[in-house]
Enquirer: 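Before anything else, here's the structure in question.
Lettering of chains follows the sequences in order, A, B, ..., and the numbering in each one begins at 1.
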Amino acid sequence: MTHAAPPKRDFIRELVAEDVATGRFHRAPATRFPPEPNGYLHIGHAKSILLNFGIAREFDGRCNLRFDDTNPATEDMRYVESIQEDVRWLGFEWDGLFFASDYFEKLYEIAELLVKKGKAYVDSQSEEEIRTNRGTVTTPGVDSPYRNRSVDENLDLLRRMRAGEFPDGAHVLRAKIDMAHPNMIMRDTLLMRIRHFDHYRRGDTWPIYPLYDFAHGLSDAFEGITRSLCTLEFKDNREIYEWLVNEAGFENPPTQIEFARLELDYTVLSKRKLLRLVNEGFVSGWDDPRMPTIAGLRRRGVTPEGLRNFAEAIGVARKPARTELATFEHYVRDDLNMRVPRVMCVVNPLKVVLTNYPEGEGEQLEASYYPHDVPLTGSRPVPFSRELYIEREDFMENPPKKFFRLAPGREVRLRYGYFITCTDVVKDSAGEIEELRCTYDPATRGGDAPDGRKVQGTIHWVSARHALDAELRLYDKLFTVPNPDDLPEGQEFTDVLNPNSLVVVPNAKIEPSVGADPVGSRYQFERTGYFMTDPVDSREGRPVFNRTVTLRDTWAKLKGQPG
RNA sequence: UGCCCCGUCGUCCAAUGGCAGGACAUGCGGCUUUGGACCGCAGAAUCGUGGUUCGAAUCCACGCGGGGCAACCA
């Protein structure tokens, strides 16, 4: 078990602590989580949410949820809803709920202000010309022929842009900075563009829309944010951020700090790519349990606590870094281990007949829901009878050394049941093992031998007559390579999808106790893994279980070793 | 190639001029009615070269390596 670590002090929290100590902002620390509603939140966002909301919580500050909805072409109310649901599910509540689209009026006022100050102008070059004239990383750009329009002309044009007089692309509002600036972002940054496009919240009331650089920092400033946390790729945008909040005249404006986004082995975390997985049918939707989305992880059975512990454990730094999947799985298991009941489910059944157990009879055995080291109590009755199913993997006719399970002539313990000894192997005409004949020792009821004799292995089982049929969905990594974002020439991420990322087991055998449990129940199937009933596809009498994560498997590791 | 950021165990994160530490992973052992969990032990790192300093992972310079920036995306 992982114990609570001392409070994490990353470089961002150090800076915030310093703000508090020096009174730099003359207000309590304020952060914001600023998603664009153009997709579902994913595990990388969880890191950002923990950071932003966590800092607000720890420093007695505030954290807003603000939708950066400045691009009407890609955004949708559906995403706004899913994002709120996901943030709440993670355990956070925002102090203020805002939309950049509510700031269009204020932003427009600042646009006019900049024009009047001679700090912005209307450019009428084509998109192509703008791109060409920006220059390259090694060559300076060239001034637009419209760069020296008079304030009056700029103001007139801007007002007519606002009035909807021009078609898309006819004009654009730009900051007047320096076309030879070494920072590409600062080469007369584009501020507003014309888009005759219905916005999901503002309808057709706005024919012009602010661009990210124009909207983001000023929105932060409107809300009194102190530290604007974003990922590394926005480093160069910091300069225009500061330029704008200063030109707009804010006192004690927010400051941007960049940190490294999460990269996780065997997954992709770009919204563009996740959207393709959904749209092109590689997964069943944004909440497919194989998706690294919050919704996908939730449906898979991951708990908010597990996800939070993971997001906190990986830390925050300025160095781009990939995290191993094992780290994530560790925190998922670590949380589940301490909270979910154990039950028995046989994935790949092999019939066992107890030849010395009376026919037609049966009994109920008491089985604890939790192992000795989990401080929770509770138990359920498990039916026992002459015919059982055990895991096919738990029997070997010619066992190698260190195989502790059932084999001809060998005795093992049935978990919470009896010791059994294999006496016969029954095969079909093709030589496949059809069933096992075993004897049981009536003196070992519950799993202890009065004579003190030990067995090497304990295996799980279900009573054939009483078992429920269940569908199991065994999930594995979505990709076959650790970094699907970095592939050889000519390959793209859809070429390295794992064909076995979902294996459906249509007829697993599970103990009947789970039949009464509500959908969304989580379990550990003993010796197999953690599972949750699928909230969408489970049916009365026909439960569907999603495998959240396997158990650590020392035997699999041993098996994989040569010798 | 111009500007910017970053280089610490296999991986992630600490050490804020003074004994390089934690977590995950790995290996070995213990314990065990889950080959789970837990416990113990072990191996494992400061990109390089100079410099400053009593003392450098930390400061400076130069290399080398990785990443970001040339959407009317965010």
Enquirer: Can you tell me which stems involve RNA chain B, if a stem is defined as three or more consecutive Watson-Crick or G-U wobble pairs, both distances under 3.5 Å?
Expert: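 Expected stems, ordered by start: B:2-7 with B:64-69, B:10-13 with B:21-24, B:26-30 with B:38-42, B:47-51 with B:59-63.
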Enquirer: Provide the distance between the two C1' atoms, one in A57(B) and one in G48(B), to the nearest whole Å.
Expert: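 Their C1' atoms lie roughly 14 Å apart.
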Enquirer: Under the salt bridge (Lys or Arg N to Asp or Glu O under 4.0 Å) rule, what pairs show up with a residue in residues 370-380 of chain A, not counting sequence neighbours?
Expert: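 For residues 370-380 of chain A: Arg380(A)-Glu511(A).
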Enquirer: Checking Thr421(A) now: which residues fulfil side chain to side chain donor-acceptor pair (under 3.5 Å) with it, not counting sequence neighbours?
Expert: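 Scan of Thr421(A) (side chain to side chain donor-acceptor pair (under 3.5 Å), adjacent residues dropped) gives none.
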Enquirer: Please name all residues satisfying salt bridge (charged side-chain N to carboxylate O under 4.0 Å, His left out) with Glu258(A), sequence neighbours left out, ordered by chain then number.
Expert: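 Expected list: Arg238(A).
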Enquirer: Which residues satisfy the side chain to side chain donor-acceptor pair (under 3.5 Å) test with Thr136(A), sequence neighbours excluded?
Expert: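 Thr136(A) satisfies side chain to side chain donor-acceptor pair (under 3.5 Å) with Thr138(A), Thr139(A) once adjacent residues are dropped.
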Enquirer: Show me the pairs that pass salt bridge (Lys or Arg N to Asp or Glu O under 4.0 Å) and involve residues 169-181 of chain A, at least two apart or across chains.
Expert: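 Qualifying pairs, neighbours excluded: Asp123(A)-Arg174(A).
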Enquirer: Is there aromatic stacking of Trp555(A) against G35(B), centre distance under 5.5 Å, plane angle under 30°?
Expert: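 Yes, Trp555(A) stacks on the base of G35(B), since the ring centres sit under 5.5 Å apart and the planes are within 30°.
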Enquirer: Let me check something: any side-chain donor-acceptor pairs from residues 31-39 of chain A under 3.5 Å, sequence neighbours excluded? List them with distances.
Expert:
| from | atom 1 | to | atom 2 | distance (Å) |
| --- | --- | --- | --- | --- |
| Thr31(A) | OG1 | Asn52(A) | O | 2.8 |
| Arg32(A) | NH1 | His216(A) | NE2 | 2.7 |
| Arg32(A) | NH1 | Ser228(A) | OG | 3.0 |
| Arg32(A) | NH2 | Leu229(A) | O | 2.3 |
| Glu36(A) | OE1 | Asn38(A) | ND2 | 2.8 |
| Glu36(A) | OE2 | Thr74(A) | OG1 | 3.2 |
| Asn38(A) | OD1 | Lys271(A) | NZ | 2.7 |

Enquirer: Classify the side-chain pair Asp213(A)/Thr189(A) by whether it contains a donor and acceptor separated by less than 3.5 Å.
Expert: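 No, no side-chain donor-acceptor pair sits under 3.5 Å.
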Enquirer: Kindly say whether, by distance alone, the side chain of Glu324(A) makes a donor-acceptor pair under 3.5 Å with the base of G10(B)?
Expert: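 Between G10(B) and Glu324(A), which were checked side chain against base, a qualifying N/O pair under 3.5 Å is present.
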Enquirer: With Arg413(A), which residues qualify under salt bridge (charged side-chain N to carboxylate O under 4.0 Å, His left out), at least two apart?
Expert: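 Applying salt bridge (charged side-chain N to carboxylate O under 4.0 Å, His left out) to Arg413(A) gives none.
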Enquirer: Mind checking what makes side chain to side chain contact (heavy atoms under 4.5 Å, CB included) contact with Tyr266(A), not counting sequence neighbours?
Expert: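 Counting only residues at least two positions away or on another chain, Tyr266(A) forms a side chain to side chain contact (heavy atoms under 4.5 Å, CB included) with Leu325(A), Lys477(A), Pro482(A).
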Enquirer: If you take any heavy atom closer than 4.0 Å to RNA chain B, which residues from residues 367-380 of chain A end up in contact?
Expert: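 The answer is Pro371(A), His372(A), Asp373(A).
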Enquirer: When the C1' atoms of C72(B) and C13(B) are considered, how many whole Å apart are they?
Expert: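 Result for the C1' pair: 40 Å, nearest Å.
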Enquirer: Using a 4.5 Å cut-off on heavy atoms from C-beta on, say whether the side chain of Phe214(A) contacts that of Leu114(A).
Expert: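 Of all side-chain heavy-atom pairs linking Phe214(A) with Leu114(A), at least one is under 4.5 Å.
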Enquirer: Could you pull out the protein-nucleic contacts involving nucleotides 60-69 of chain B (nitrogen or oxygen on both sides, under 3.5 Å)?
Expert:
| from | atom 1 | to | atom 2 | distance (Å) |
| --- | --- | --- | --- | --- |
| G68(B) | N2 | Asp236(A) | OD2 | 3.0 |
| C69(B) | O4' | Asp236(A) | OD2 | 3.4 |

Enquirer: What's the gap between C12(B) and G51(B) when it is taken at their P atoms, as a whole Å value?
Expert: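 Rounded to whole Å, the distance is 32 Å.
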Enquirer: Below 4.0 angstrom, which residues in residues 123-130 of chain A have at least one non-hydrogen atom near RNA chain B?
Expert: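 The answer is Gln125(A), Ser126(A), Glu127(A), Ile130(A).
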